[in-house]
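Every chain is numbered from 1, with letters handed out A, B, ... down the list of sequences.
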Amino acid sequence: MRESVERAWARAVESGTLPASAGATAPAAPVEIEVSRPDNPAHGDFATNLALKLARPLRRPPLEIARALADELGRDPGPIGSVDVAPPGFLNMRLDAAAVEQGVDAACAAGPLFGRIANPRPRRINVEFVSANPTGPLHIGNARGAFVGDLLCRVLEAAGQAVTREYYFNDFGSQVRQLGASVLAVRGGREVPDDGYRGAYVHDLARELPDEIRARALEPGADPDAVVGRWASERVRAGIEASLARLGVRFDVWTSEGSLYRDGWVDRAVERLREGGWLYEQDGALWFRSTAFGDDKDRVVRRSNGQFTYFGSDIGYLLQKFDRGFEHLIYVWGADHHGTVARVRNAAQAMGFDKDAVEMLLIAWVRFVRDGQELSMSKRSGEFITLDELLAEIGVDAARWFIAARAHTSGIDFDIELAKRQSSENPVYYVQYAHARISSILRKAAEAGMRPADSVAGALADDEVALGLAKLLLRLPEVVEDAATLHETHGITAYGTELATAFHAFYRDRRVIDRADPVTSATRLALVTATRLTLANTLALLGISAPDSM
RNA sequence: GUCCCCGUAGCUCAGUGGACAGAGCAACCGCCUUCUAAGCGGUCGGUCGCAGGUUCGAAUCCUGCCGGGGACGCCA
């Protein structure tokens, strides 16, 4: 479409209908061709404001430019069927029905791959998300990050990128020791320490603690809290992995913070920064000169007690990820990590990497509310609702849709009681219903011995309703592309709703199975099959099931 | 105090400088002899937080203010 406009512009200039530039006027910024989807169907399938943008540099009235462009567009061999000029100078273009028919046939041929974008040179992208420390089961506060990260990965993969899903966790240090101490306390019938953990899962762990681990913890010279903590955290981590699997979220790589030290990545990163002159010692601590890159203060890498900070681990991890060959790193973080964004990106730059290759997605909070009362999530107090409990109440598909339909920057109030009550009205069921309805039609058709035509050719030119539906199907690839570019998925949910609406309208206006007219029935069956495919692919992109009956 | 995000219909939220500001839900009125009524049609509903500015054109960009959330550790 853009190519057609570009060709038309070039030909208009070539033929002298339009001036190449403004002549004496300074060559301003080059005019970029924008092709948009008008909200109003009366404005065609595509529109461009090119004539409006050219009016000033060319010093010509926009309508005159628009007419010249429309003239050339009318002769273009591309998919454009008709062109209108609308004041003050918009060009409104309509797709040619035959081109749409070919597009739908191609979509059917592509099957599950329809909507995915072929990318000859995929970028290797690492997406790190969730990364909750294994000191307790995932609670509903972790849900958004899990879904947003997973959705982002699905979208990037569909856009043809090579994505690695990564979970980063802490398997040593004070939190894990606290967990061990808490388990030991419960096992021994003692009071859990003040800064220990108290949830029901701690009691489960205490009960399940193997004698062998307990014996090892009690060996002379052993650190009981650390030994038990390590065992417990691995136990918890495995539970987290299982919970995530139930959400439809999987990871390719689990990286422990400890491994970054054992394998020397932190030392190597420190060395690299030191060579660059980006480190200095002060008050017994080792500092990174983050201010040299615009941060408002320098950051401690290694404390005066010799322990590395969390930031120390971060720089080791950065080096490790780049060393593994990733071209782009995405971190899905809670909005509370906002303060650490600058230092990590600065460290990447200081180590000689491209700062823009390190990107943080800050997820706004979800306020969980039950009956107007905000719920606090604290592993230490043991007051929290686990992810598994939430899903038992509202279901994965509904929860996924809820998260996918909102920009990740917007804060969400989530009333659990309301969500349960409204779950049957969740738009996700509306979209799934459209899929199930089509499945039912196809079953009925098969029972009647009718088969979809091999092509929708001939079904669209004289049928505005069918043509409108078909045009909508063909938008999926651009919806995917937009989502991948913006790192947002609400365009996909909106598209799914729109597509379902279009199908339901088609269902109302056009009878698919008509024994009296087998030819029309066959092409409509083909169109409806393509619609079902598009709905299924859209839902798959969101990790949501596409049921054949409801 | 400094920095980041948000403020759009009763509610939850879209809106990447353009054509009358949209969707879902809620509310109200209609529609099942006929491929699934988890559906369809219609109605109601907005000072786009406020005030300036830039632009042919601003919900969108800039400045200031108001309101909500978050961040500003040798915590993780």
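- Between the side chains of Asn170(A) and Gln175(A), no donor-acceptor pair is found at a separation under 3.5 Å.
- Phe293(A) pairs by the ring-ring contact (aromatic ring centres under 6.0 Å, His included) definition with Trp278(A), not counting sequence neighbours.
- In this structure, of rA19(B), rA14(B), rA38(B), it is rA38(B) that holds the atom nearest to the side chain of Tyr429(A).
- Classification of Arg345(A) and Asp356(A) as a salt-bridged pair holds, one side-chain N sitting under 4.0 Å from a carboxylate O.
- You'll find that the side chain of His338(A) is closest to rC3(B), out of rG15(B), rC3(B), rC13(B).
- Look at CD1 on Ile363(A): it is 13 Å from P on rC6(B), rounded to the nearest Å.
- Between Asp548(A) and Arg532(A) there is a salt bridge, since a side-chain N of the basic residue sits under 4.0 Å from a carboxylate O of the acidic one.
- Residue Ile513(A) is in base contact, counting any heavy-atom pair closer than 4.0 Å across all strands shown.
- Of the side-chain N and O atoms in His490(A), one or more sit less than 4.0 angstrom from OP1 or OP2 of rG15(B).
- Considering only the side chain of Met550(A), rA38(B) comes nearest among rA14(B), rA38(B), rG39(B).
- If you check rC35(B), rG39(B), rA38(B) against the side chain of Arg437(A), the one that comes closest is rG39(B).
- Of the nucleotides present, rC62(B) is the one that pairs with rG52(B) by Watson-Crick or G-U wobble criteria, both distances under 3.5 Å.
- Taking the ring axis of Phe308(A) as reference, the NZ or CZ atom of Arg303(A) does not stay both within 45° of it and closer than 6.0 Å to the ring centre.
- With hydrogens and angles left out, the side chain of Asn49(A) and the base of rA19(B) share no donor-acceptor pair within 3.5 Å.
- Taking every side-chain heavy atom of Val512(A) into account, rC35(B) is the closest of rA23(B), rC35(B), rG15(B).
- rA26(B): no Watson-Crick or G-U partner with both key distances under 3.5 Å is found in any strand.
- For Ser410(A), no side-chain nitrogen or oxygen approaches OP1 or OP2 of rG7(B) to under 4.0 Å.
- Looking at residues two or more places apart in sequence or on another chain, you find a side chain to side chain donor-acceptor pair (under 3.5 Å) between Thr501(A) and Tyr430(A).
- Among the nucleotides rA14(B), rC35(B), rA19(B), the one closest to any side-chain atom of Ala47(A) is rA19(B).
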Contact list (N/O, under 3.5 angstrom) for nucleotides 73-76 of chain B vs protein:
| unit_1 | atom_1 | unit_2 | atom_2 | d |
| --- | --- | --- | --- | --- |
| rG73(B) | OP2 | Lys297(A) | NZ | 3.1 |
| rC74(B) | O2 | Ser304(A) | N | 2.9 |
| rC74(B) | O2 | Ser304(A) | OG | 2.9 |
| rC74(B) | N3 | Ser304(A) | OG | 3.3 |
| rC74(B) | N4 | Asp283(A) | O | 3.1 |
| rC75(B) | OP2 | Arg303(A) | NE | 3.4 |
| rC75(B) | OP2 | Arg303(A) | NH1 | 3.4 |
| rC75(B) | O5' | Arg303(A) | NH1 | 3.2 |
| rA76(B) | OP1 | Arg303(A) | NH1 | 3.4 |
| rA76(B) | OP1 | Arg303(A) | NH2 | 3.1 |
| rA76(B) | OP2 | Arg303(A) | NH1 | 3.0 |
| rA76(B) | O3' | Asn170(A) | ND2 | 3.1 |
| rA76(B) | O2' | Asn133(A) | ND2 | 3.2 |
| rA76(B) | O2' | Gln175(A) | NE2 | 2.7 |

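- Nucleic acid contact class of Ala436(A) (heavy atoms, under 4.0 Å, all strands): base.
- A salt bridge links Asp463(A) to Arg524(A): one of the charged nitrogens lies within less than 4.0 Å of a carboxylate oxygen.
- Of all nucleotides listed (rG18(B), rA38(B), rA23(B)), rG18(B) comes nearest to the side chain of Phe90(A).
- You'll find that the side chain of Trp365(A) is closest to rG69(B), out of rU16(B), rG69(B), rA14(B).
- Side-chain proximity of Tyr507(A) to the nucleotides rA14(B), rC35(B), rC4(B) is greatest for rC35(B).
- Below 30°, between 30° and 60°, or above 60°: for Trp254(A) and Phe169(A) the angle between ring planes is above 60°, a perpendicular geometry.
- In terms of phosphate contacts, Arg508(A) brings a side-chain nitrogen or oxygen within less than 4.0 Å of OP1 or OP2 of rG41(B).
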